[in-house]
Each structure stands twice: as C-alpha cells, then as structure tokens.
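Working notes, structure below.
Source: prediction; values computed, not measured.
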Amino acid sequence: MTLSKCCFALLTLAATGLVGAEPVKAPSMRAISGHYYLQGVREVGAELLLSRDGRFEYGISYGGVDQQAQGKWSVQDQTVVLQTDIKSDARFGAISESTEVLAPYNEAGARPVLLVVEIKSSALGLVWSGAEISAEFSNGQVRNGVTGRNGMLGFDVREEPEWQGQTIKRVGLAYPRRGVAQSWHAIQSPDTRSLSVEFDPGRTLRPAFETLHLKIDYQGKAVQSLTMLPESNPSWRYVRE
C-alpha cells in the first residue's frame, strides 16, 4: 500500500469512529440519580425519582388517571432499567375436593385425568388463567402447568410403566403475575378427582409499568435526560431537574 493510500485509509477509519474512539463507559448510579420530569408530551405529567440506593419512584397523570410505580433501577450499558415491585394482598382461599371430574374433562372422548384443578372467584363470577399449578406424585416426581382461559388445568393419566398406580399427594398453587407465592395443599383422599380453589384478587395494584427502559442522554459528559425506549414521536423524554 502506498503512503497516500495508507493515510486515506486511516482518515476513513477515523471518520467512521473505528480509530481513536474510546467506548463510552456506563455512568455510575450516583451520576444518574436525581429527579426527572417528563417534557414535550401534551396533557401528560410524569416524574421519576432515582435514588442512590437503587430504588425509584414514578408517577404519571393523564386524562384524569393517576398511576404510580416503585421498585429497583439499574444501569445496563447506556440504558437505565426500571423494574417495578408487584404489590398485592391477593391470596388463595377455601379449597374443596370432589370425587367427580369437572367439565369439560368429564365429557365423552376426553382424555382421562387424575386430577382437575380449578381457580375461581365464586363471589365475582370469575375464573383465573395463568395460575401456576404443581402436582407432586407418590413416586416423588412433580408435574407442572398453568390454568387455561377456563381457569382449569387437568393432569392426564399417563400410560408409561413408571406412572402406573401413581397418585397425587399434594398440589402447589402459585400466581406470580398477581404477586402470590407458592403454597401447598395435601390431597385428602386418593379418590379426589377435582380441586376447586377460591382466589381472592384483593387490592392488586396495577403499576404504571412492570419494566421500563430509558436511554441515557448527555450534555457533554454529564447526564442530562432519559428517553423512553423504544423511542416514539414525540419522544418521552425525562429531563433532570
């Protein structure tokens, strides 16, 4: 390569930022912490407080609706990530067992089941999908599933030799999306074929968001604002006070 071509190549690399450019380091939490206010979005007011201990508080008001969120925040590369705490006093309540298989699992042509679990709120006339159910068998193995749109989950009879004669000893109930940790219920009778579980949704608080990503904006080397990702028009930009 001639000297002139070599110089041209270096100039080209420098112009594209491939030579002499140092990677921008993510700022410390101390450098980002502070009070931010939403700007540039009509008829919407919002503010974000990032504390140095890694906690945040968020509030937004629009169209007569007020929402809040609190939780933990962290820095990932050039992005601030907010993870909301789920606050709920929801819980599982009364549990009743039956030797009868619940519909539609008892219909002609349906696959035989060992147990049907139903999650419902009788007083509200609701059934609950997405509840996580675990069944622990007499052989020590555990099978897992989630309730469907009808609020039910059936544990099928398996034909493999290792499952012959196995019974369900206890059932684990959890509802992570509602903030309810797993609890276990011992099956009272080997003849039980259905488990009806009452669910009290309590005062589950719907946060403004569960996870939010904000791009860090700079003025010089100082953090100036945070822009919500993915970016939109107009941008949801939170400017530091």
Side-chain donor or acceptor of Gln188 paired with backbone N/O of Glu97 under 3.5 Å: no

Residue pairs fulfilling salt bridge (Lys or Arg N to Asp or Glu O under 4.0 Å) with at least one residue in residues 35-54, sequence neighbours excluded: none

Side-chain (Trp73) to main-chain (Leu49) donor-acceptor, under 3.5 angstrom: no

Shortest non-hydrogen contact between Met29 and Val75, atoms and distance: CG-CG2, 4.1 Å

Check: Tyr105/Glu118 side-chain N/O donor and acceptor closer than 3.5 Å: no

Exercise: do Thr84 and Glu210 side chains pair donor with acceptor under 3.5 Å: no

Salt bridge (Lys or Arg N to Asp or Glu O under 4.0 Å) contacts touching residues 67-77 (sequence neighbours left out): none

Taking every non-hydrogen atom, the tightest pair across Gly202 and Asp89: CA-OD1, 3.3 Å

Distance-only side-chain donor-acceptor flag, Glu100 / Ser194, under 3.5 Å: no

Donor-acceptor under 3.5 Å (Asn106 side chain, Val101 main chain): yes

Test side chain to side chain contact (heavy atoms under 4.5 Å, CB included) applied to His185 and Phe92, step by step: CA-CA 11 Å; His185 171 77; Phe92 292 109; over 6 Å; no

Exam field: side chain Gln224 to backbone Gln219, donor-acceptor pair closer than 3.5 Å: no

Pair listing, side chain to side chain donor-acceptor pair (under 3.5 Å) test, anchored in residues 146-164, at least two apart: Arg111-Asp156

Phe209 and Phe56 aromatic ring geometry - parallel, tilted or perpendicular at 30°/60° bounds: parallel

Cationic N near anionic O, under 4.0 Å, Glu136 to Lys169: no

For Met228 against Leu214, the heavy-atom pair lying closest together: CA-CD2, 3.5 Å

Contact list for residues 54-65, test side chain to side chain donor-acceptor pair (under 3.5 Å), sequence neighbours left out: Arg55-Asp85, Tyr58-Tyr238, Ser61-Asp66, Tyr62-Gln67

Pairing residues for Tyr36 by the ring-ring contact (aromatic ring centres under 6.0 Å, His included) criterion, not counting sequence neighbours: none

Qualifying residue, where the test is side chain to side chain contact (heavy atoms under 4.5 Å, CB included) with Ser225 and the options are Lys215, Gln39, Arg237: Arg237

All N/O donor-acceptor pairs, side-chain side in residues 126-135, below 3.5 Å, sequence neighbours left out:
unit_1, atom_1, unit_2, atom_2, d
Trp128, NE1, Ser121, OG, 2.7
Ser134, OG, Asn144, OD1, 2.6
Ser134, OG, Gln182, NE2, 3.4

